[in-house]
Each structure stands twice: as structure tokens, then as C-alpha cells.
Student: 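I'd like to ask some things about the structure below.
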Number of protein chains: 2
Amino acid sequence: MDDRSKTPASSRLTATARQRPSSVTLQDVAREAGVSAATASRALNGSTRNVQSDNVSRVLAAAARLGYVPHVSAQATAKGSIPTVALVVSDVADPYFSSIAVGIIDAAEAGGLVVTMTVADRSPEREVQLVRTLRGQRPQIIIIAGSRINDTDTRGALIDELKQYRAAGGRVVLISQPELPFPTVAIDNVDGARLLARELAGAGYRRLCIIHAPHRIRTSYDRYTGFVTGLEESGISMDANFAMETEFTRSGGYEAARELVERGLRNIELIFAVNDAMALGVMSALRDAGLVPGRDVAVAGFDDISSAVDVVPALTTVTVPLRTAGLEAMRLALADDDAAGEAGIPTVWIPTAVRLRESTPPVSGRLITVR
Amino acid sequence: MDDRSKTPASSRLTATARQRPSSVTLQDVAREAGVSAATASRALNGSTRNVQSDNVSRVLAAAARLGYVPHVSAQATAKGSIPTVALVVSDVADPYFSSIAVGIIDAAEAGGLVVTMTVADRSPEREVQLVRTLRGQRPQIIIIAGSRINDTDTRGALIDELKQYRAAGGRVVLISQPELPFPTVAIDNVDGARLLARELAGAGYRRLCIIHAPHRIRTSYDRYTGFVTGLEESGISMDANFAMETEFTRSGGYEAARELVERGLRNIELIFAVNDAMALGVMSALRDAGLVPGRDVAVAGFDDISSAVDVVPALTTVTVPLRTAGLEAMRLALADDDAAGEAGIPTVWIPTAVRLRESTPPVSGRLITVR
DNA sequence: TTGAAAGCGCTACCAC
DNA sequence: GTGGTAGCGCTTTCAA
């Protein structure tokens, strides 16, 4: 660490040393085209109408000949902001976030914006710090994708930071739960889990175990709550013994399931993990214990990540149109909601859909009765 | 100064209400701290040694009080470049690239650099265009991760663009194959595939089929070549009939395997797909045809993506330390190789390692003989 | 339509 | 040590 922090200093010096070597500027282009910088600027970016067409082409030609690329930072200092959208995700390697990113990137590119992606590493503190740093870049839009965590300290700090950004003319959009005073794209976790529970109850499942993450992680909490609600609506009351708390990861799921098997499954028929990664961990633990997922114990997840269809048996889960969520976020960001005023904070709900697969066969169809 | 006081805040608010709204500047901080802008700047960023300590604290306090965030673009126009590393990947949603990204992001953050990630969508043209756009942002480093594609037109354009960037003081690092005149982090695909082939040959496999992507995709070509080499080294000569070309995706693998089964497997004992996604597609096609992967036909892939251990049977593959590749790329980028001169283009080889799993049981241990 | 010139916010050089 | 001041490259009035 210490080493690392020292390393960049020297390299920065190095970079500084040859920092200002040639680089074609607007002046160069203007000179080459025989016009003023102002005209060149107008020809290149401003409303083309006000520049004589032959001058326009002359400038364009000169720019092409010289390989001119506008200095975005200079444009930014002159104009005030940069045509980028800064995206903060919790984890790049998680398909959940990368799918959202895909949607945002597609929509942004269509709008001529470049997406800058930074990673908060699932830490609320880091998230606040990142927003601070990003503010300095003056992006036009900041989108934060990630489950809210109940953590009042950083929550307040994040709101402050975001408000300052907005006060400086930036647009903020959140992809998570609608609990912060900013436009939000909300995934309907509660309802998805509720419907899943009802479907499973309809398939005959009665004895279930919910494996979830700590309740302060909203996504997990919402799915947990929704599932319980769905069960209750189906006349199944949740026995507290059948919920286990663990980490929000594959290994969290593995550990929980291992412990469950060790303690004796009783006659649990189905394990619902609040995300697919955890569910895969659960399946793995079951297999390691000599049990066959979907036959000995059914398993369900949430997210519908791509491996959900590659495991055997294919995983029952709830699909979340993540790319759509990303697109919607950009739509919200670009929407001119000044008209709407402060009347209401726009919230877009993204619906989810249950995907029943082989990991949860109808109970009656099961060949081997759970002991 | 006078100008400033004349530039009426009121007119700003009216004229360009959303364009240039308040935003604390260095001037504000300096005024608040009762020092000059120069001193404030030095206190905030320059070598602290040259500023009286009480002034430093006064400035820091003022900055904190005002919620000051430096305007990165302004710093950039003044300094010449921005403390960011621009990363170009082919596909965000692909774990291959997101793993590399993780490594780069970790290393960059340790060095105080922000990572900007853009997506070329597997198109060489788009890649060139992105580099052009990115050049405009004047990042300190540009890293391109993605398989080179034999495409001489865009290849030349890319080299030009990159050279111009370097001429302007930027650092370039490639993560792919060492075939462009820039520092490169190279994944040893050839050797990984070669060793895999030898291991499989050692396990008793003799009749194999290679499913690969078009040869102009270097990654696929290298793995194909390496695998063939490995077989030959083991005394197994490749019959051309046993290679199939398809897309570099899961569905490409699926289709190829489906076709293979349809045409009759003959007595193929093992299918090697040049990446795990394709291998998963192969497995899926086999299952859909009523065959059991690993029992009826063995399957092997390359990459060791996370689902490789979740499928049943777990997939034999070649693990690629992608995060390490990312770290190495940053190391190369920050390395002061001016001393080295143009003598040689630094290339770091990332070793790969074979992971034998249940999808390729030793042939003798198989219970059911392949028909 | 066009050019001159005044910034945008910040850094860096140069005297004091 | 510290404060003027001259840029950095670009946009945008304001006259002409």
C-alpha cells in the first residue's frame, strides 16, 4: 500500500515532464484553414448556420488533415460541464451491474454521451467519496446503481453531496429503491418475490427456507419481505426457524446451505435464496452433501443471471430486465422534468417476472419423497 | 477581480440558469481563507512544504466549509492531462473483461487515478473511434483490452490514433496479443491450450472435436493452434473433420454441438470449445439431445469463468488470471520505461493453468463406453 | 458572417 | 513563503 502510494508520484512527474508535447489545437486548425479561432470553433461545434459553408468545409478539411481532436477539458472549462454520464456501480464483475451498465451505455451513446464507470465496491462510504470525486469532473449526469444500505451517516452525506451536485446543474438518477430524494429507477423486488412465493406455493411447496442477507441491505430485505408476503397470501405462515441470514454472495449461500444440511434439513422442501449467486452456492452445497437439487430439495433464486440456465437443474428465479432499467435511468436523466417542478420525485418501476424451471418441479411430480 | 465583481451573479442566474449555476471555486476558497488563489492552490495540491502550515489548515478548513471540489477539467487544461485511465473493453457484460477491469480499477485507485470504462462492442471500427474520442479527454493512460482481430484497415487506423496519443504524451497499454507496437499484457492462450490438450491426451482422450471461432479472432485462433500443437505433441494428429467454426458465443457453441450431434457424433470422445461460454452452450446442446456431458461426451473450455464450477459436471477449462492481467497492465502503464527507450516493446506474459474437472473424467474410468 | 477579446477555473513561473 | 500574472484550449459575447 505504502509502496503503491509512492509509486504514482514519480510517474506523475514523468508524465508531467513530457506532458505538453505537440497536440493539435483549435488555433492550429484555424490557421491552417485561414480563419479565426472563433470561426473554427463555430464550424466545428457551434451552429453551422452562421458560418459560410466554404469556410466550414475548409475548417473541417484542415481539422481532418491535422488529426485534430478537441480538448474536452478545455471545452468543459469554457462551457461548464462535460458531455459524460458518470456511472457508479457497486461491483463491475457482478452481472447484475454490468447488465445495467449495458443499458446505460447504449442509451448514452445514442445521446452522444460517454459513460464513465466507477466502482464503489459495495461500500456506502466509498460511494460518497466517489460522488465527491466525480463532482469534480462536472459530468452532466451522475447515475448510481446499487442497493441502498440502511446506514444513516453515509446516507446523509450522500444526499448532501448529490444535492450540491444538482445545485451546480447536474442531473442525478438512482437505480435502486426509491428512498432518496432523487429520480429513481426502482426494481420491483417486493412484488417479484411475492409472485415467486405464490407460484411456488401453487406448485405445492409448503415447507420452505429463506436464505437472505442482513436486512440493512434493502434488496435482500425487500425480496425477503415480498416472499414472506406471498407465502402468507397463499396461506403459508412463515416459521422464523426457516429463515437464515448470511452473506449476499455465492459463498454466503454455500455456507448457509451447508449449515442447514448439517443441522438436519427436517423436511424442508425448498430453499429460496434472495439472489441467484447465493442460490448457486446453495445448489453446490447440496450436491457436496450428496443431495440432488430439484429432486431432494428444490431451489429458487432471484435475478436470472445467465448461469441460471446452465446449472442442472436449471434454476427457478425471477428475471429482472436490467438493461431496461439502465435505459430508463438514462431516459429519466435526459427528461426535462423542470416542468414537473418539485411536485414529485419521478420514480420508474421496473417490473420483474417469475421464471419457473427444473429446480422447482411441482411437488406432486416428485419421485422421491423428502425424508 | 473587478471583472469578477462585475460579472453579476444575478445575470448568471437569469441568463444561464442551469448552465453555470453556483459552484464553489478556488477563488472562493482563497477569499474565505484570506489568501491568494496561488496559495490556496498550493495548499490543496502543490507540495505542502512551501506553504505555511497555518495557511494550509486555514485553506483546508475553508475548502471543507464551502464543500469545495476542484474542477478537474480546469486542472486538466492548466496541466495538460487528466488523472484518469481510459479503459476500452469489448464487452462489459462479459466476465472476461469485467475481471480485467477489476484488476485495473484496483491498481488505478491505489495510484489515485480514476478509471473511465468504455465499450467497443467487439467492433474494431468502434474501437478506433473510441480511442479518438478518448484522446480528446487527455487521459494519462489508455488501456485497450480485447482480442485483436485481423483487419488490416482498422489495424492501421488504430495504430495511427494510438501513436498520435502517445506523441501527445499519453501512455498506451494493450491487453491482448503482442502484435501491435505498444506495451502489451499478453495472455498465453497458445500455451494454455497446448497444456490442456496434453492433459486430456494423457487422460486417454483420442477422438476430439475442436469448436472454435473464425481464425481472424486471434484469441480463438491461438487457442485452436495451441490445442492442435498439444495434441500433436501427444502423438494425436488432427483430422480436419474434427474442427468446427462457429460464433465466439454461448449460442455459437450450442449450434455447433447441435449440428455435431445431428450429423452423428461418430465416436468423438471430447469436445473442446475455445471459451467457456461456448462450452456451456455445447453442454446445453448435448443435454437437449439426451446426452450426458462428461459421461457420453467429455467437454472442455477455456477461461474458467465462475459458472464453470456451477455446471454439472463442473467444466474442465484453463484458468486465466484476469485480475492479474489488469494489475500488470497498470504496472506497465505506470512504469518509467523511458530509460528502456525504443529498444524493445515491453510485453508481459500472463501464464494460464489447466483446471481438470468432472466434465473430462479419465477415459478408463468411464462407466459407459461411447457408442 | 467574422474576428478580437474576455473569460472558464486552475496551475506555474517569477518576482518580492 | 506568498501574491501577481500569464497562460492552458476553447467558447462566446460584442463590435465591426
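Residue numbers start from 1 in every chain, and the chains themselves are labelled A, B, ... in the order their sequence lines are given, proteins ahead of strands.
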Student: Report yes if at least one side-chain N or O of B:Gln27 is closer than 4.0 Å to OP1 or OP2 of C:dG9; otherwise report no.
Tutor: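 Looking at the OP1 and OP2 atoms of C:dG9, neither is under 4.0 Å from any side-chain N or O of B:Gln27.
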Student: In whole angstroms, how far is the C1' atom of C:dT2 from the CG atom of A:Leu44?
Tutor: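 For the pair A:Leu44 CG and C:dT2 C1', the rounded distance is 16 Å.
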Student: Is there a side-chain contact between B:Thr39 and the phosphate of D:dG3, meaning an N or O under 4.0 Å from OP1 or OP2?
Tutor: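 It does, given that an N or O in the side chain of B:Thr39 lies less than 4.0 Å from OP1 or OP2 of D:dG3.
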Student: Can you measure from OG1 (A:Thr118) to CD1 (A:Ile144) and round to the nearest 0.5 angstrom?
Tutor: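 Separation between the atoms: 8.5 Å.
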Student: Give me the one residue out of A:Arg65, A:Gln27, A:Arg58 that meets side chain to side chain donor-acceptor pair (under 3.5 Å) with A:Glu32.
Tutor: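 Only one of A:Arg65, A:Gln27, A:Arg58 forms a side chain to side chain donor-acceptor pair (under 3.5 Å) with A:Glu32, namely A:Arg65.
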Student: Take atom CG of B:Asn45 and atom P of C:dG9, then tell me their distance rounded to the nearest Å.
Tutor: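 Rounded to the whole Å, the gap is 16 Å.
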Student: Are B:Thr77 and A:His71 close enough, and set up right, to give a side-chain contact (heavy atoms from CB on, under 4.5 Å), and what steps lead you there?
Tutor: CA-CA 8 Å; B:Thr77 56; A:His71 192 307; 4.2 Å; yes
Student: Please give the angle, rounded to 10 degrees, between the axes at the start and the end of the helix from C:dT1-D:dA16 to C:dC16-D:dG1, where five pairs define each axis.
Tutor: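 The end axes of the helix from C:dT1-D:dA16 to C:dC16-D:dG1 are about 40° apart, to the nearest 10°.
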Student: So which one's nearest nucleotide on DNA chain D is more toward 5', B:Arg138 or B:Asn55?
Tutor: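 Its nearest nucleotide being more 5', the pick is B:Asn55.
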Student: On DNA chain D, nearest-nucleotide positions of A:Ser73 versus A:Ala38: which is more 5'?
Tutor: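 Looking at DNA chain D, the more 5' nearest nucleotide goes with A:Ser73.
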Student: Check this one for me: any side-chain N or O of B:Ser36 less than 4.0 Å away from OP1 or OP2 of D:dG4?
Tutor: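 No, B:Ser36 has no side-chain N/O under 4.0 Å of OP1/OP2 on D:dG4.
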Student: Please report the distance, rounded to the nearest Å, between NE2 in B:His71 and P in C:dC8.
Tutor: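 Atom NE2 in B:His71 sits about 11 Å away from atom P in C:dC8.
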Student: Working to the nearest 0.5 angstrom, can you tell me the gap between A:Glu125 CD and A:Leu130 CG?
Tutor: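 The distance works out to 11.5 Å.
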Student: Quickly work out the B:Lys79 NZ to C:dT11 P distance and round it to whole Å.
Tutor: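 So the NZ-P distance, B:Lys79 to C:dT11, works out to 6 Å.
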Student: Hey, which sits more toward the 5' end of DNA chain C by its nearest nucleotide, B:Arg42 or B:Tyr68?
Tutor: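 That would be B:Tyr68.
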Student: Return the OH to CG distance between B:Tyr68 and B:Leu60, rounded to the nearest 0.5 Å.
Tutor: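 Between B:Tyr68 OH and B:Leu60 CG, I get 11.5 Å after rounding to 0.5 Å.
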Student: Counting only side-chain heavy atoms from C-beta out, which of C:dT11, C:dT2, D:dC10 sits nearest to B:Ala78?
Tutor: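 Among the listed nucleotides, the one closest to the side chain of B:Ala78 is C:dT11.
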Student: CD/B:Gln75 to OG/B:Ser41 distance, rounded to the nearest 0.5 angstrom?
Tutor: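 B:Gln75 atom CD to B:Ser41 atom OG measures 8.0 Å (nearest 0.5 Å).
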Student: Below the 4.0 Å mark, does C:dG9 have OP1 or OP2 next to a side-chain nitrogen or oxygen of A:Thr77?
Tutor: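 No, outside the criterion.
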Student: It should be established whether A:Asn50 places a side-chain nitrogen or oxygen under 4.0 Å from OP1 or OP2 of nucleotide C:dT2.
Tutor: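 False: A:Asn50 side-chain N/O out of range (4.0 Å or more) of C:dT2 OP1/OP2.
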Student: What is the distance, to the nearest angstrom, from the CZ atom on B:Arg58 to the C1' atom on D:dG3?
Tutor: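 Answer to the nearest Å: 15 Å.
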Student: Rounding to an integer number of Å, can you tell me how far A:Gln137 CD sits from C:dC10 C1'?
Tutor: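 That distance rounds to 15 Å.
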Student: At under 4.0 Å, does any side-chain N or O of A:Gln75 touch on OP1 or OP2 of D:dT11?
Tutor: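 Indeed, a polar side-chain atom of A:Gln75 lies that close.
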Student: Could you check how far CG of B:Leu66 sits from C1' of C:dG9, rounded to whole Å?
Tutor: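 One finds 15 Å between C1' of C:dG9 and CG of B:Leu66, rounded.
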Student: Among D:dC10, C:dC10, D:dT2, which nucleotide sits nearest the side chain of B:Gln52?
Tutor: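 Looking only at heavy atoms from C-beta outward on B:Gln52, the closest nucleotide is D:dT2.
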Student: Under 3.5 Å, is there a donor on one side chain and an acceptor on the other for A:Arg132 and A:Gln129?
Tutor: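 Result is no, nothing qualifies.
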Student: Within this structure, what is the CD1-CD1 distance for the pair B:Ile175 and B:Ile100, rounded to the nearest 0.5 Å?
Tutor: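 B:Ile175 atom CD1 to B:Ile100 atom CD1 measures 5.0 Å (nearest 0.5 Å).
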